[in-house]
**Student:** 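Got a structure for you, written out below as structure tokens; questions coming shortly.
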Amino acid sequence: MRALICREWGGIDGLQIGEMTVPEPAADEVLIRVKATAVNYADAIMVAGKYQTKPQLPFSPGLETAGVVEACGAEVTSFKPGDRVMAVLAYGGLAEYAVAPAAETFRIPDGMGWAEAGAFAIAYISSHVAIRWQGRLEAGETMLVLGAAGGVGLTAVEIGKAMGARIIAAASTEEKLAVAKEHGADDTINYSTDRLTEQVMALTGNNGVDVCFDPVGGPLFDAALSSLGWGGRIVLVGFVGGIPQIPANRLLVKHRAALGSSLRYFRWYAPDKLKRSVEELLRWYGEGKLKPLITHRFPLERSVEALRLLTDRQAFGKVVVELEPG
Ligand SMILES: NC(=O)c1ccc[n+]([C@@H]2O[C@H](COP(=O)([O-])OP(=O)(O)OC[C@H]3O[C@@H](n4cnc5c(N)ncnc54)[C@H](OP(=O)(O)O)[C@@H]3O)[C@@H](O)[C@H]2O)c1
């Protein structure tokens, strides 16, 4: 099969299209003929050898997929060949075939096309588990979302609105903020031109926010922490801007919490919560509350260009790689 292949650790420009053997599904896995997938910032971290998962070389990156079940492992009873599915993967999504655990494979709802399905799983599920189970966002609370037009950021905006919260979207350009607003943000802050904490305090009557969803970290983290009100929770989702240090005294003084959220935890240790998150997301999708944003589509051969949009900070929503358009 054709696949994007990582043969040595390094930058995304070292990735090449080549031939790989079609993977065999284990007893609890399904083999999927891929129709569409999407790139994630984590793919770039993984091929650099800096991600939590470090596959054996050579491997194909790619954390999600959508397609048709081609074959099922001996213990799989929930799917059969021909089913339309989307799945979360450890890696291997940027290829013509992918294997996924049946427990992390989900039926594609009616009306959802291949591109939307290929771009749905990682961003929406990661944001939902982070906000629902770690952030414990309640209706009527206020949530600040950093990187609010990015892959996970934009889904966090929509999920926060679906949960009945007020959303303050923060991003680096006016164009990105306009996208966040179209997807439901109530207020916006441009953190490349304005001071984040001051703006949050002005928008919240000096109370600060209840939850901050942070996929960025780096120099923004300090201001994000200061933007939390009494009892505020900052949910750490990613560190595209760098890994910050947490001054413990600033948690105690306002009874705040900093919580890590890893999709892998929910996949490995809390599958019931993962399942409930997916059910809620698919219900909201059916009700029209979630509108996946796909701004770019590339064929497999141009996967590196797709990834470069993320590493160059040029992407909005999701960037899809289509194997069979339609
Ligand atoms: N914990 C989990 O379970 C989980 C799951 C999925 C993803 N993640 C992590 O979440 C992070 C975001 O992933 P994603 O796929 O949503 O990425 P993305 O689509 O590229 O979005 C990242 C956003 O971060 C902002 N940013 C700030 N500094 C940046 C920089 N130096 N380079 C690129 N972007 C920068 C950008 O917004 P502005 O330009 O507006 O600042 C961008 O929109 C990654 O670290 C990823 O590993 C974690």
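For reference, positions follow the sequence shown, starting with 1. In each ligand, atom 1 is the first atom listed, and ligand 1 is the first ligand listed.
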**Student:** I need the nearest protein heavy-atom contact for atom 47 (O) of ligand 1: residue, atom name and distance, please.
**Tutor:**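 For atom 47 (O) of ligand 1, the nearest protein heavy atom is A42 CB, 3.7 Å.
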
**Student:** Suppose we measure from atom 41 (O) of ligand 1 to each protein heavy atom; which comes out shortest, and what is that distance?
**Tutor:**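 Nearest neighbour among protein heavy atoms for atom 41 (O) of ligand 1, to 0.1 Å: Y191 OH, 2.5 Å.
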
**Student:** Under 3.5 Å, N or O to N or O, is G151 touching ligand 1 that way?
**Tutor:**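 Yes, since at least one N or O of G151 sits under 3.5 Å from an N or O of ligand 1.
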
**Student:** So, T155 versus S127: side-chain donor-acceptor pair below 3.5 Å or not?
**Tutor:**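 Their side chains do contain a donor-acceptor pair, which is all the 3.5 Å distance test asks for.
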
**Student:** Regarding E116 and K318, does a basic nitrogen lie under 4.0 Å from an acidic carboxylate oxygen?
**Tutor:**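 K318 and E116: not salt-bridged.
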
**Student:** For a quick check under 3.5 Å, do R264 and T53 share a side-chain donor-acceptor pair by atom type?
**Tutor:**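 There is such a pair (donor and acceptor under 3.5 Å, judged by atom type) between the side chains of R264 and T53.
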
**Student:** Determine, for W9 and K50, whether the Lys NZ or Arg CZ falls below 6.0 Å from the six-membered ring centre while staying within 45 degrees of the axis.
**Tutor:**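 Geometry flag: not set, cation outside 6.0 Å or 45°.
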
**Student:** Report the nearest protein non-hydrogen atom to atom 5 (C) of ligand 1: residue, atom name, distance rounded to 0.1 Å.
**Tutor:**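 Heavy-atom neighbour on the protein nearest atom 5 (C) of ligand 1: S126 OG, 3.1 Å.
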
**Student:** Among all protein heavy atoms, pick the one closest to atom 11 (C) of ligand 1 and tell me residue, atom and distance.
**Tutor:**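 Scanning the protein heavy atoms, the shortest distance from atom 11 (C) of ligand 1 goes to P215 O, 3.6 Å.
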
**Student:** Distance to 0.1 Å, residue and atom name: give those for the protein heavy atom nearest to atom 31 (N) of ligand 1.
**Tutor:**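 The protein heavy atom lying closest is V240 O, 3.8 Å.
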
**Student:** Would you call the rings of Y265 and Y269 parallel, tilted or perpendicular, taking 30° and 60° as the class edges?
**Tutor:**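 Tilted, since the angle between the ring planes falls between 30° and 60°.
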
**Student:** With respect to atom 1 (N) of ligand 1, which of A315, G153, S261 exhibits the smallest heavy-atom separation?
**Tutor:**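 Comparing heavy atoms across A315, G153, S261, the nearest one to atom 1 (N) of ligand 1 lies in S261.
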
**Student:** In terms of atom number and element, which parts of ligand 1 are under 4.0 angstrom from non-hydrogen atoms of S172?
**Tutor:**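 Atoms satisfying the 4.0 Å criterion: 38 (P), 39 (O), 40 (O), 41 (O).
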
**Student:** With no hydrogens and no angle check, just 3.5 Å: does a side-chain donor-acceptor pair link S261 and W133?
**Tutor:**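 Their side chains do not contain a donor-acceptor pair, so the 3.5 Å distance test is not met.
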
**Student:** Looking at ligand 1, does Y51 have a heavy atom less than 4.0 Å from it?
**Tutor:**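 Contact check Y51 vs ligand 1: negative.
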
**Student:** Please name all residues satisfying side chain to side chain contact (heavy atoms under 4.5 Å, CB included) with E8, sequence neighbours left out, ordered by chain then number.
**Tutor:**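 Listed in chain order: nothing, the list is empty.
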
**Student:** Taking N or O atoms only and a 3.5 Å limit, does V152 qualify as a polar contact for ligand 1?
**Tutor:**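 Yes - when backbone and side-chain N and O of V152 are compared with those of ligand 1, one distance drops under 3.5 Å.
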
**Student:** Considering only the protein, which heavy-atom contact is closest to atom 15 (O) of ligand 1, and what is its distance?
**Tutor:**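 For atom 15 (O) of ligand 1, the nearest protein heavy atom comes out as Y41 N, 3.1 Å.
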
**Student:** Do me a favour and list the nearest non-hydrogen protein atom to atom 28 (N) of ligand 1 with residue, atom name and distance?
**Tutor:**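 So the nearest neighbour among protein heavy atoms is R313 CZ, 3.4 Å.
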
**Student:** Taking M112's backbone N and O only, do any of them form a donor-acceptor pair with R84's side chain (distance below 3.5 Å, no angle check)?
**Tutor:**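 Confirmed, R84 side chain pairs with M112 backbone.
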
**Student:** Between the side chains of D83 and K80, is the shortest nitrogen-to-carboxylate-oxygen separation below 4.0 Å, so that they form an ion pair?
**Tutor:**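 Here K80 pairs with D83 in a salt bridge, since their nearest N and O are under 4.0 Å apart.
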
**Student:** Any nitrogen or oxygen of L263, main chain or side chain, under 3.5 Å from a nitrogen or oxygen of ligand 1?
**Tutor:**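 Between L263 and ligand 1, an N or O pair is found under 3.5 Å apart.
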
**Student:** For atom 48 (C) of ligand 1, grab the closest protein heavy atom and report residue, atom and distance to one decimal in Å.
**Tutor:**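 Answer, as residue, atom name and distance: V237 O, 2.9 Å.
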
**Student:** From the options G218, A123, G150, P219, select the one whose nearest heavy atom is closest to atom 21 (O) of ligand 1.
**Tutor:**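 Heavy atom nearest to atom 21 (O) of ligand 1 belongs to G150.
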
**Student:** Measure from atom 37 (O) of ligand 1 to every heavy atom in M46, K176, Q52 and give the option owning the shortest one.
**Tutor:**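 Answer by nearest heavy atom: K176.
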
**Student:** Are there more than 12 heavy atoms of other residues, nucleotides or ligands under 6.0 Å from atom CZ of R195?
**Tutor:**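 Counting other residues, nucleotides and ligands, CZ of R195 stays at 12 neighbours or fewer.
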
**Student:** Sequence neighbours excluded, which residues qualify as side chain to side chain contact (heavy atoms under 4.5 Å, CB included) partners of E182?
**Tutor:**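 Applying side chain to side chain contact (heavy atoms under 4.5 Å, CB included) to E182 gives none.
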
**Student:** Below 4.0 angstrom from a heavy atom of V216, which ligand 1 atoms are there? Numbered from 1 as shown, please.
**Tutor:**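 Matching atoms, with element in brackets: 24 (O), 25 (C), 27 (C).
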
**Student:** Measuring to protein heavy atoms, does anything land under 4.0 Å from atom 33 (C) of ligand 1?
**Tutor:**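 Yes, there is a protein heavy atom closer to it than 4.0 Å.
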
**Student:** Should the ring pair F59 and Y91 be called parallel, tilted or perpendicular, given that the plane angle runs from 0 to 90° and is split at 30 and 60?
**Tutor:**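 Taking Y91 first and then F59, their aromatic rings stand perpendicular (interplane angle over 60°).
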
**Student:** Got a sec: does the CG of D110 have more than 12 other heavy atoms crowding it under 6.0 Å?
**Tutor:**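 No - once you tally the heavy atoms of other residues, nucleotides and ligands closer than 6.0 Å, there are 12 at most.
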
**Student:** Going by the order shown, which atoms of ligand 1 are within less than 4.0 Å of some heavy atom of F239?
**Tutor:**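 Answer, ordered by atom number: 45 (O).
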
**Student:** Consider ligand 1: state whether an atom of it lies below 4.0 angstrom from any non-hydrogen atom of S262.
**Tutor:**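 Judged by the 4.0 Å heavy-atom criterion, S262 does count as contacting ligand 1.
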
**Student:** Any idea which atoms of ligand 1 are less than 4.0 Å away from a heavy-atom of A171?
**Tutor:**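 Here the atoms of ligand 1 in question are 40 (O).
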
